[in-house]
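Structure, as structure tokens:
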Amino acid sequence: MKHADQVRTHTVSVGESSGANFVYDLQLGSPLGIWRGGFLDTAPMWRQRGESQLMLPNGALVELVAGPTIAELDSRNTPWPDTLNSDLHHIQGYFFKQGS
């Protein structure tokens with residue numbers, strides 16, 4: 001996915017049956033964007049030589065600020081980090097929860 005003119009290579013996109021969708025950066029531990037409507041247009045990955053290799057949301061993407069949403073700070077005055085050391089967070093899998 002392209003976010004703020006930078007290609008993010010380790011992302012996961014999630015679509016809800018209600019039409020709400022989001023994309024999450026696995027390296028930053030952060031949501032990157034949200035949109036409503038269709039899920040993804042992956043056709044550019046498969047046409048001709050598949051040059052762009054980027055996912056495109058099928059809706060108006062609202063980009064969020066990239067960076068950790070949770071961080072452990074040394075003190076109140078420690079500035080909020082813009083990245084996390086990958087040793088500090090581990091993705092432990094995914095699960096689907098049936099809505100009511």
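As a basis for the values below, the full set of heavy atoms in this structure was taken, side chains included, without hydrogen atoms, waters or symmetry mates. Remember, it's a predicted structure, so these values are computed and weren't measured experimentally.
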Cluster overlap Val14 with Leu26, hydrophobic side-chain contacts below 4.5 Å: yes

To which residues is Leu73 joined in a hydrophobic cluster, defined by side-chain heavy-atom contacts under 4.5 Å among Ile, Leu, Val, Met, Phe, Trp and Tyr, whether direct or through other members? Trp80

Taking side chain as C-beta onward, heavy atoms only, is Val23 less than 4.5 Å from His3? no

CZ of Phe39 to CG of Asn21: how many Å apart, nearest 0.5 Å? 6.0 Å

Can you tell me how far CZ of Arg8 sits from CE of Met1, rounded to the nearest 0.5 angstrom? 9.0 Å

Of all residues at least two apart in sequence or in a different chain, which pass the side chain to side chain contact (heavy atoms under 4.5 Å, CB included) check with Thr9? Val7, Gln27

Distance check, rounded to the nearest 0.5 Å: Gln6 atom CD versus Leu32 atom CG? 10.0 Å

With Thr78 via side-chain hydrogen bond (donor to acceptor under 3.5 Å, both in side chains) - residues at least two apart: Ser75

Rounded to the nearest 0.5 Å, what's the gap from CD on Glu63 to NZ on Lys2? Could you check? 10.5 Å

Partner residues of Asp41 under the side chain to side chain contact (heavy atoms under 4.5 Å, CB included) criterion, sequence neighbours left out: Ala43, Pro44, Leu56, Asn58

In terms of hydrophobic clustering (I, L, V, M, F, W, Y; side-chain heavy atoms under 4.5 Å; direct or indirect links), are Phe22 and Val62 co-clustered? yes

Output the distance between atom CG (Leu64) and atom CG (Asp25), rounded to the nearest 0.5 Å. 11.5 Å

